[in-house]
2 protein chains.
Amino acid sequence: MSKSQRLLKLLMTVNRKRKFTVKELAREFGVSPRTILRDLQELSEWGVPLYSEVGPHGGYRVLNDRMLPPIAFTEEEAIAIFFASNALRHYSSLPFEAKLSSALTKFYAAMPGDVRDRIDQMKNRVDLVAPTRQAASPHLSILLDAAVHQKVLLMDYESRSGRRTRREIQPVGIYASGGLWYCPAYCFRQKAFRIFRCDRIHGIQESDSGTRPVDLREVHLGNVKSLIHQDQECVRICAELTREGVQRCEAEPWLAPQLHIREDGTGWLDAPFPKTDFPFFARFFIGLGKEATVKGPPELVTCIKRMLAELLDKYS
Amino acid sequence: MSKSQRLLKLLMTVNRKRKFTVKELAREFGVSPRTILRDLQELSEWGVPLYSEVGPHGGYRVLNDRMLPPIAFTEEEAIAIFFASNALRHYSSLPFEAKLSSALTKFYAAMPGDVRDRIDQMKNRVDLVAPTRQAASPHLSILLDAAVHQKVLLMDYESRSGRRTRREIQPVGIYASGGLWYCPAYCFRQKAFRIFRCDRIHGIQESDSGTRPVDLREVHLGNVKSLIHQDQECVRICAELTREGVQRCEAEPWLAPQLHIREDGTGWLDAPFPKTDFPFFARFFIGLGKEATVKGPPELVTCIKRMLAELLDKYS
DNA sequence: TTTATTTATGACAATTCTTGTCACTATTAT
DNA sequence: ATAATAGTGACAAGAATTGTCATAAATAAA
């Protein structure tokens, strides 16, 4: 094995093991300890953060920021990655912000001039617009970390009505939608899954009350929604949609699965939703105007009529 | 200079030059042509797509899919990039799809097992939800290419009313918003900038009519909007918002700049908009319900009242 | 056709780099 | 004290790299 090959394998090995001794590696690679020492010195010069301790139980360690083996990309791949990362700039307070920008800097620096030119040209020609609200969400990292490592957090939360409560939760994950970050979590106070808005969290920390975490390994963003609606009373909402109405409903991600479309472009909605959401749906269908005709349930129609009357009253 | 250093520099050099001779490189690197030949052979073995021609005016070339110098990322950086790219999966028909997924495969393959585990854990815990409409946009690549290279395209477009027209355009760029792709472009028929919805484009190709491209080098997604509204008659729309109303307006990216917020969370809108958008705004404010009070202009209030009356009529 | 230019390959010796061995130092946990 | 561990320096054997030279083959241009 040539020296450069050995160094590359060594890099991968030390990253895998995190802790090792010179002798151990020497055996593994079939070279003398002296050679390994020289190799490790070279890796150090490459920037691999190695740290050593002498004495029994000593040995080498790789510090946290370990380096992955270098990867060679083609031009097209590099541009795709660059674009993808760039597209996220509309999201405020991403949990990865700092690392992402340092990675992009590295990327950009490594590229030959003409590839940079291509990227520069493209940068102002492709965009993914996402709504940006002014509400910042500074707690994303701790929520994400708790979700991954199954930790219980204690938070100070402001409910929709403005009341503040302290409650213990165990996050399932975080997601951004419509410009806001949300955190589905198991709430120990309510003994149920709830969705919290991250910008309404006033303070959060790891809980030290000794509450035992629940097992959420099988619960993730993909399936948590079914667990949330489970315990609520649901009513089927039916509405007829014009072509324009269909197009506008398609823009609502939470609605898409219950949307049925006919060949001519018109369609209808038929979906179970919790009763407590009536005011929301009333507003929603009013917003659709002529493009939607609500068939039922009657309570929803009544709710819509009342709202319309109120509004008409307001503007006379 | 050590051999490995030389090879790395050589890799960058050949990527920069694309075409070169052995003698040339030998002079540049201060080694003999024989050594360069051996080095180039080694690069070939690494997978660099080199191609050579003998004879005068011959020489070496790098084929299209040239490789960028390998980049070493730290674990955190790699995860950030992976997450960023992964976040784009909600966008249908991205112009980069194929390359992005091949890059991600490369990435994933190069990572040690435990980093992969971390990524797997994280994958289901973070998400950026973007509305996904069923409307596909198959023409994104050609639009983007035309925007970058200043080309004139001929397209078959279906307007909002359903009428189909053929027109020559020169794209400024493309962007996704609310689950749809849009293409601001200079329209040669209307001699003005317009925004087209990409899913309403039924066919598109490079124009061969000989229409001369206009100079759009200084026009990009960041400034094209100002060029579009320039020629339309605008009216100032004023509305008072409750706290809830403010929060909902913040979710609309096109509204954010004109939104003013008071200390107590309430706010007001004061923005110039083209008259033709009245029906849109009427619907929008009706959708806000009690949370917004439109102050003016009177025509807009009239429009709102009429719509409300129609709706109330519809539901009685 | 001839000539100049260019890639391509093989052989060999000079040079440089790499590696293992050995001797030695220093630190630290047991 | 002892054993385990990193770390350094010197040196020689061996391996890899490099330059030189000879030679072949293709091809564009004169």
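Across the protein-nucleic acid pair, A/Glu24 atom CD and D/dA4 atom C1' stand 14 Å apart, rounded to whole Å. Rounded to whole angstrom, the span from the CD1 atom of B/Ile36 across to the P atom of C/dT6 amounts to 15 Å. Between the CZ atom of B/Arg34 and the P atom of D/dA16 there is a distance of 17 Å, given to the nearest Å. Taking atom NZ on A/Lys23 and atom P on D/dT5, their separation rounds to 6 Å, with Å as the unit. In this structure, A/Lys19 atom NZ and D/dA4 atom P are separated by 15 Å, rounded to whole Å. Distance B/Leu37 CG to D/dA24 C1': 14 Å, rounded to the nearest Å. Atom CZ of A/Phe29 and atom P of C/dG20 are 13 Å apart (whole Å). Atom CG in A/Leu7 sits roughly 15 Å away from atom P in D/dA16 (whole-Å rounding).
Toward the 5′ end of DNA chain D lies the nearest nucleotide of B/Thr35, the other residue of the pair B/Thr35 and B/Gly55 mapping further downstream. Nearest-nucleotide positions on DNA chain C place B/Phe20 closer to the 5' end than the other of A/Ser2 and B/Phe20.
For the pair A/Glu77 and B/Lys106, the salt-bridge criterion is met [side-chain N within less than 4.0 Å of a carboxylate O]. Salt bridge present: B/Glu28 and B/Lys17 bring a charged side-chain N and a carboxylate O closer than 4.0 Å. Looking at B/Arg118 and B/Glu76, a side-chain N of the basic residue comes within less than 4.0 Å of a carboxylate O on the acidic one, giving a salt bridge.
Of the candidate nucleotides D/dT8, D/dC21, D/dA29, D/dA29 has the atom nearest to the side chain of B/His57. Proximity note for A/Val54 (side chain, C-beta onward) versus D/dA29, C/dT7, C/dT27: the nearest is C/dT27. Comparing C/dT19, D/dG19, D/dA3 by their closest approach to the side chain of A/Pro56 singles out D/dA3. Side-chain atoms of A/Lys3 lie closest to C/dT18 of the nucleotides D/dT8, D/dG19, C/dT18. Closest to the A/Asp39 side chain, of the nucleotides C/dT6, C/dT9, C/dT19, is C/dT19. With C/dT18, D/dA10, C/dA8 as the choices, the nucleotide that has an atom nearest any side-chain atom of B/Tyr60 turns out to be C/dA8.
There is a side-chain donor-acceptor pair under 3.5 Å between A/Ser32 and A/Thr35.
Side-chain N/O atoms of B/Ser32 include one lying less than 4.0 angstrom from OP1 or OP2 on D/dG19. The phosphate of D/dT18 (OP1 or OP2) has a side-chain N or O of B/Arg6 nearer than 4.0 angstrom. Note on B/Ser52: a side-chain N or O is less than 4.0 Å away from OP1 or OP2 of C/dA8.
Note: A/Thr165 OG1 to A/His202 NE2 = 9.5 Å, rounded to the nearest 0.5 Å.
The base of D/dG19 is paired with the side chain of B/Arg38 by a donor and an acceptor separated by under 3.5 Å.
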